[in-house]
Number of protein chains: 2
Amino acid sequence: MNAQAHGYTGLNIRGLAGEVGIKAASIYYHFPSKAELGAAVARRYWEETARDLEMIREAAGDALSSLGRYPEIFRRSLEAGNRLCMGSFMSAEYDDLPEAVKVEVQTFSDVNIDWLAKQLLEANITATQDSKLRAGAIFSAIAGAQLMARSRNDIKLFDELIEGYKLAGLLPSTQNSMSE
Amino acid sequence: MNAQAHGYTGLNIRGLAGEVGIKAASIYYHFPSKAELGAAVARRYWEETARDLEMIREAAGDALSSLGRYPEIFRRSLEAGNRLCMGSFMSAEYDDLPEAVKVEVQTFSDVNIDWLAKQLLEANITATQDSKLRAGAIFSAIAGAQLMARSRNDIKLFDELIEGYKLAGLLPSTQNSMSE
DNA sequence: ACCTGAACACCGTTCAAGT
DNA sequence: ACCTGAACACCGTTCAAGT
C-alpha cells in the first residue's frame, strides 16, 4: 500500500514497522530484506489485478465489452488516492529495483498483455500474429495515460486520453450505453 | 544527469558533490535545497527538448514528417543508457516531488503537447478543436511505450510499440524510406 | 518463535567557522 | 565569494540479547 503510493524507494521500513506496531528490526524476522518485502507487495498487486481481469471478463460476457471495461482497472487506481498502478509506477525507478521486485513488476505487465491479447483475438479485432503487438500497444498507452493523469492530478484527463485512443482507433469503440 | 537516470530520489547530493569535487555542504551555497537543484535539472531538460523539437521541425521540413520523427526524442533517451525522459520518469514519484520540481515536469509535457498539436493541425490530421486531445494521446502513449521498453530493457520493443500505434491509427503512418 | 536496543554506514540539511 | 567539519535527524541493516 505504501509501495503503491510512493514506489519502492518510498516504502519505508521504519514507518511500516510503526504502523504494524513493532520495531524496525523486527521486520527482518518476517522478510530477509526490503527487496523481498517489495517483491511480496508487487506480487500481491498483480495477483489482485489478475483476479480483477477475470471478473471483468465474466461480468462483461463477451470479449469486446471486456476490452471496453479494461481501462477501469487503471482508472480505479487513480480514484483510490490518485495512485499509479504498480506496473508503471515501479517501472520508473526500474533500474534501481532489486531483481526480485523486477520479476514481479514484469509479471504484472505480462498478465495484462496476455489478457488483452486473448480478448482482441476473441473479438476478432486482430489476427493471431498481431494480437500480442496490439495488446502491448494498448497496455503501454493506458499506462502512459494513467501516468499523465496522475501528474496533472486530474482523473478527467485520463478519461479524455482514453477517449482520444478510441477516436484514433487504438482502442475499440464500444457502445457502453444504450442511448448512443 | 543523475536525476534522469534515477529520478528525484536517486539524485544524490553527497554523490553529486563528490563528482564535482566539493563537499556535500558546499552544494548548499549554490542551491538552497535539493528541491531547487532538482527543479534546475528538470528545467534544463525540458529546455533542451524544446530545442530538439525545433530542430526536428526545421530538419523535417513539413509537419507530417516532423510527426514521424517525434518518437526519436524518446528513443534517444532510451539509447543513452536506457534512460527515461524526465517527464514520465519523475511523474512516477510525482506525489513526493517538491512543488518547484512539479512545475518543471508539467512544463515538459506542455512543451511536447503544444508542439504536437501544432504539427497535427498543420498536417491536416486533426481539426482545431481535436488537436490538443490527439496531441495528449500521442504524448502519453509514447511516454508509456518508453516506460515499458525501459522496464524490459529492450529498445526494439519501443520501436514495435510505436509501430503498433501507427498500425492502430494513433500515429500517422509516414513513409520514411523510399523503398516502401 | 518473535521481538528488541544498540550499533553501523548511509542520507539531506544546518551552521558556525575557515580562506 | 566559496568552501569546510561537525552535528542533526533520518534511513536500511545486522546482531547479540531478551522473552
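Order of the sequence lines fixes the chain letters, A, B, ..., with proteins taken first and strands second; residue numbering starts at 1 for each chain. This one's a predicted model, so the numbers in the text were calculated from it and none came from an experiment.
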Looking at [X], does any N or O in its side chain come under 4.0 Å of the phosphate oxygens OP1/OP2 on [N]?
X: Tyr29(B); N: dC2(D); result: yes
X: His30(A); N: dA1(C); result: no
X: Ser26(B); N: dC2(D); result: no

Give the rounded distance in Å between these two atoms: [atom1] of [X] and [atom2] of [N].
X: Lys34(B); N: dC10(D); atom1: NZ; atom2: P; answer: 17 Å
X: Ile27(B); N: dC11(C); atom1: CD1; atom2: P; answer: 13 Å
X: Ile13(B); N: dT13(C); atom1: CD1; atom2: C1'; answer: 8 Å
X: Ile22(A); N: dT4(C); atom1: CD1; atom2: C1'; answer: 11 Å
X: Tyr28(B); N: dA7(D); atom1: OH; atom2: P; answer: 19 Å
X: Lys23(A); N: dT14(D); atom1: NZ; atom2: C1'; answer: 18 Å
X: Leu37(B); N: dT13(C); atom1: CG; atom2: C1'; answer: 13 Å
X: Leu11(B); N: dC11(C); atom1: CG; atom2: P; answer: 12 Å

Taking it one step at a time, do Ile113(A) and Ile138(A) satisfy side chain to side chain contact (heavy atoms under 4.5 Å, CB included)?
-> CA-CA 8 Å; Ile113(A) 293 171; Ile138(A) 291 176; over 6 Å; no

>> Given dA6(D), dC11(C), dA6(C), identify the nucleotide with an atom nearest to the side chain of Ala25(B).
In response: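 Within the option list, the nearest is dA6(D).
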
Test of ring centre spacing under 6.0 Å for Tyr45(B) and Phe108(B):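 Yes, ring centres under 6.0 Å apart.
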
query: Which residue lies toward the 5' end of DNA chain C, Arg14(B) or Arg14(A), if each is placed at its nearest nucleotide?
result: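 The residue whose closest nucleotide sits nearer the 5' end is Arg14(A).
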
Worksheet item: Considering every strand shown, what is the Watson-Crick or G-U wobble mate of dG18(C) when both distances are under 3.5 Å?
Response: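 When the pairing criteria are applied, dC2(D) turns out to be the nucleotide that pairs with dG18(C).
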
My understanding is that a pair needs two contacts under 3.5 Å, Watson-Crick or G-U wobble. By that rule, which nucleotide pairs with dT13(D)?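 dT13(D) is paired with dA7(C).
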
Lys/Arg-Asp/Glu bridge criterion (N-O < 4.0 Å) met for [X], [Y]:
X: Glu79(A); Y: Arg75(A); result: yes
X: Arg69(B); Y: Asp52(B); result: no
X: Glu48(A); Y: Arg43(A); result: no

